[in-house]
> 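Attaching a single structure in structure tokens format; questions to follow.
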Amino acid sequence: MRPGGLTGGRGLSAGVGQELASGRRGWKPDSDKSLSLSHLEDVAGKVSKSKMKYILVTGGVISGIGKGIIASSVGTILKSCGLHVTSIKIDPYINIDAGTFSPYEHEVDFSASHQVSADFFLECLYFWIQVLPGIHLPRMFSLFTAGEVFVLDDGGEVDLDLGNYERFLDIRLTKDNNLTTGKIYQYVINKERKGDYLGKTVQVVPHITDAIQEWVMRQALIPVDEDGLEPQVCVIELGGTVGDIESMPFIEAFRQFQFKVKRENFCNIHVSLVPQPSSTGEQKTKPTQNSVRELRGLGLSPDLVVCRCSNPLDTAVKEKISMFCHVEPEQVICVHDVSSIYRVPLLLEEQGVVDYFLRRLDLPIERQSRKMLMKWKEMADRYDRLLETCSIALVGKYTKFSDSYASVIKALEHSALAINHKLEIKYIDSTDLEPSTLQEEPVRYHEAWQKLCSANGVLVPGGFGVRGTEGKIQAIAWARKQKKPFLGKE
């Protein structure tokens, strides 16, 4: 994570801002190198010389289980050991990038579709000063996310998880760190149209799978730290769940990949769900068993099984998962619900994940005390000790999904943490504030206005189209008349 006040905030160049404003969605690879077999071998040779280590994170049972946080946390504890870590997110959808998604389709953050920079973070801090006059602003972590899409420094509109990677690991990624089915197929089809395959039949295996492997190996070598040094570890998150038809080419690519880079350089973490039905209160292992069985049937055997659960795993449950999933008990990692996501790296560290990687991947890990994790613990403890609460009314059009306004919410959360206050966000659909709602659904209308009137401040993010505009104007007018702190677009 990046200390240093406001200077570390996310910013986009003017050129990038103009490109986004012009609506350009085209994409082309950063490298013009062909995906030929000889080039693939050259890249593989470079990787073997540098002993690049690859950690693949897959998921099972359900999507949205927390693979992104697990991948970010694994990278964090490895970076705390003195290693240079990079990350790649693979999304199996056919879209070239996340820039054209609807908010209700894939939690697009419309607050980030325009220029997102440290300026907004600064505005949020001044907003808090209005809400809570007399506060003291200490040095703080400058963190920024932009939901899905997350806007990178090079203008790439990418998956939300890349925001987690950048914040957790304090790195700068590029658009090629987000690989989609659309990008791979477009690249291979363009090569076929140019005749680069010399008339051969272009197939998923080997052409698509080779392209995926080459992409990963090439991108893993790109420096992402400020010192410009080549990464030593690449954490790869495969989106979706094992068994999805969309992800099959990627699973097959990594099945081949594990032999290409050798076992001592490749590790698979499988994130699964251990539900605990309220009717019995018993932790169920069958979903995890089935998920691991399916993964192994596709040619990948997990080295670590990370179990997402509401409560810590019982010893008997851990042993059962170990027995049926073909791993040692210490390879079953419990990630239960915690007070904040910033406790997850600490949770992994406590269960010996670093020691396992040291043995499994032969990593050159420093064994002395790690200051980076100490800072994480201090921040997580401070987050848990927050007592004073301040409420902000977020009036928008896409309030059904909080990720639709992730950049706004994260900026508020971290500025609140910087001034030692707990944030309470009141989500208000702007259409509920309009007079037409009073006629059709009076209960919703009065509930929305009650939320607005009870908030300490009002925030109105941007949006597209005329729907809900009148409600936003009503909220802004009320904030002006009542002299409530207000931030947003008028």
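Remember, it's a predicted structure, so these values are computed and weren't measured experimentally. Residue numbers count from 1 along this sequence.
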> Any carboxylate oxygen within less than 4.0 angstrom of a Lys/Arg side-chain nitrogen, looking at E424 and K422?
no
> For Y165 and V224, run side-chain contact (heavy atoms from CB on, under 4.5 Å): C-alpha distance rounded to whole Å, both residues' side-chain angles, the deciding distance at 0.1 Å, then the answer.
CA-CA 11 Å; Y165 304 156; V224 292; over 6 Å; no
> Counting distance only, does the side-chain N/O of K79 pair as donor-acceptor with the main-chain N or O of V85 below 3.5 Å?
no
> Taking T180 for its side chain and K183 for its backbone only, find out whether a donor-acceptor pair lies under 3.5 Å.
yes
> Measure the shortest side-chain to side-chain distance between F250 and I212 over non-hydrogen atoms and say whether it is less than 4.5 angstrom.
yes
> Using the salt bridge (Lys or Arg N to Asp or Glu O under 4.0 Å) criterion, which residues pair with R343? Sequence neighbours excluded.
D381, D384
> Could you tell me whether the side chain of D429 and the main chain of T431 form a donor-acceptor pair under 3.5 Å?
yes
> Apply side-chain contact (heavy atoms from CB on, under 4.5 Å) to the pair C81 and L363, showing each step before the final yes or no.
CA-CA 10 Å; C81 299; L363 292 172; over 6 Å; no
> Drop me the distance from L423's CG to H414's NE2, to the nearest 0.5 angstrom.
11.0 Å
> Taking S72's backbone N and O only, do any of them form a donor-acceptor pair with R167's side chain (distance below 3.5 Å, no angle check)?
no
> Could you tell me how the ring of W376 sits relative to the ring of Y342: parallel (under 30°), tilted (30 to 60°) or perpendicular (over 60°)?
tilted
> How close do L361 and C267 get, heavy atom to heavy atom, and via which atoms?
CD2-CB, 4.0 Å
> Within the distance-only criterion (no hydrogens, no angle test), does the side chain of R172 pair as donor or acceptor with the backbone N or O of E166 below 3.5 angstrom?
no
> Is a donor on one side and an acceptor on the other found under 3.5 Å between the side chain of K472 and the backbone of S430?
no
> For residues 232-245, pull every pair meeting salt bridge (charged side-chain N to carboxylate O under 4.0 Å, His left out), keeping only residues two or more places apart or in separate chains.
K89-E237
> Indicate yes or no: at least one non-hydrogen side-chain atom of N420 is less than 4.5 angstrom from one of R382.
yes
> Restricting to side-chain hydrogen bond (donor to acceptor under 3.5 Å, both in side chains), what partner residues turn up for N177, sequence neighbours left out?
T174, Q219
> Distance only, no hydrogens: is a donor on one side chain within 3.5 Å (strictly under) of an acceptor on the other, for S310 and D337?
no
> Check whether any side-chain heavy atom of I476 lies under 4.5 Å from a side-chain heavy atom of I473, and answer yes or no.
no
> side-chain contact (heavy atoms from CB on, under 4.5 Å), that's the test. Do I70 and I65 meet it? Break it down for me.
CA-CA 9 Å; I70 299 297; I65 199 171; over 6 Å; no
> Can you tell me how far OH of Y187 sits from CD of E214, rounded to the nearest 0.5 angstrom?
7.0 Å
> With rounding to the nearest 0.5 Å, note down the distance linking CD1 in I90 to CG in D161.
12.5 Å
> Check whether more than 12 heavy atoms from other residues, nucleotides or ligands sit under 6.0 Å from atom CG of L229, and answer yes or no.
yes
> Mind checking what makes side-chain contact (heavy atoms from CB on, under 4.5 Å) contact with E470, not counting sequence neighbours?
E434, P435, Q474
> Using the side-chain contact (heavy atoms from CB on, under 4.5 Å) criterion, which residues pair with V202? Sequence neighbours excluded.
V188, E192, Y197, H207
> Around atom CG of L386, are there more than 12 heavy atoms of other residues, nucleotides or ligands at under 6.0 Å?
yes
> Would you say the side chain of V354 lies within less than 4.5 Å of the side chain of E349, judging by non-hydrogen atoms?
yes
> Shortest non-hydrogen contact from N178 to D91?
ND2-OD2, 3.0 Å
> Go through the structure and list residues passing side-chain hydrogen bond (donor to acceptor under 3.5 Å, both in side chains) with S272, not counting sequence neighbours.
T288
> Do Q256 and D210 have side-chain heavy atoms sitting under 4.5 Å apart?
yes
> Would you compute the distance between atom NE2 of H421 and atom CG of L387 and round it to the nearest 0.5 angstrom?
10.0 Å
> Are the side chain of T437 and the backbone N or O of L433 linked by a donor-acceptor pair below 3.5 Å?
no
> Any side-chain donor-acceptor pair under 3.5 Å between Y93 and N95?
no
> Go through the structure and list residues passing side-chain contact (heavy atoms from CB on, under 4.5 Å) with S63, not counting sequence neighbours.
T241
> Please check this pair: side chain of D303 against backbone of N268, looking for a donor-acceptor N/O pair closer than 3.5 Å.
yes
> Under the side-chain hydrogen bond (donor to acceptor under 3.5 Å, both in side chains) test, which residues partner K67, sequence neighbours left out?
none
> Answer yes when D432 and R444 have at least one side-chain N-carboxylate O distance shorter than 4.0 Å, and no when they do not.
yes
> With K451, which residues qualify under salt bridge (Lys or Arg N to Asp or Glu O under 4.0 Å), at least two apart?
none
> In sequence, state the C-alpha distance, the side-chain angles, and the governing distance for I184 and L179, and then conclude on side-chain contact (heavy atoms from CB on, under 4.5 Å).
CA-CA 7 Å; I184 285 292; L179 175 58; 3.3 Å; yes
> Within the structure provided, determine whether M379 and L417 are in side-chain contact (heavy-atom separation under 4.5 Å).
yes
> Taking only residues two or more places apart in sequence, or in another chain, which ones meet F254 in a ring-ring contact (aromatic ring centres under 6.0 Å, His included)?
F257
> Could you check whether any side-chain N or O of Q232 sits under 3.5 Å from a backbone N or O of H84, counting only pairs where one atom can act as donor and the other as acceptor?
yes
> Taking the side chain as every heavy atom from C-beta outward, state whether L300 and L56 have any atom pair closer than 4.5 Å.
yes
> Kindly give the heavy-atom pair with the smallest separation between I88 and C234, and that separation in Å.
CD1-SG, 3.7 Å
> For the atom pair CD1 (I77) and CG (L347), what is the distance rounded to the nearest 0.5 Å?
10.0 Å
> Looking at R255 and L298, what are the two nearest heavy atoms and their distance?
CD-O, 3.5 Å
> When you compare the side chain of T86 with that of I222, does any pair of heavy atoms fall below 4.5 Å?
no
> Does N190 have any side-chain hydrogen bond (donor to acceptor under 3.5 Å, both in side chains) partners at least two apart in sequence or in another chain, and if so, which?
none
> Looking at every heavy atom in both S73 and L348, which two are closest together, and how far apart are they?
CB-CD1, 3.7 Å
> Do F486 and W478 have ring centres separated by under 6.0 Å?
no
> If you count heavy atoms of other groups shown closer than 6.0 angstrom to OH of Y383, is the number above 12?
no
> To the closest 0.5 Å, what do you measure between NE2 (H270) and OG1 (T58)?
5.0 Å
> Under a 3.5 Å distance rule, please check whether K484 uses its side chain to pair with a backbone N or O of A455 as donor and acceptor.
yes
> So, for A380 and L346, which heavy atoms are closest and what is the spacing to 0.1 Å?
CB-CD1, 4.4 Å
> Under the ring-ring contact (aromatic ring centres under 6.0 Å, His included) rule, collect the residues that match up with F266, sequence neighbours excluded.
none
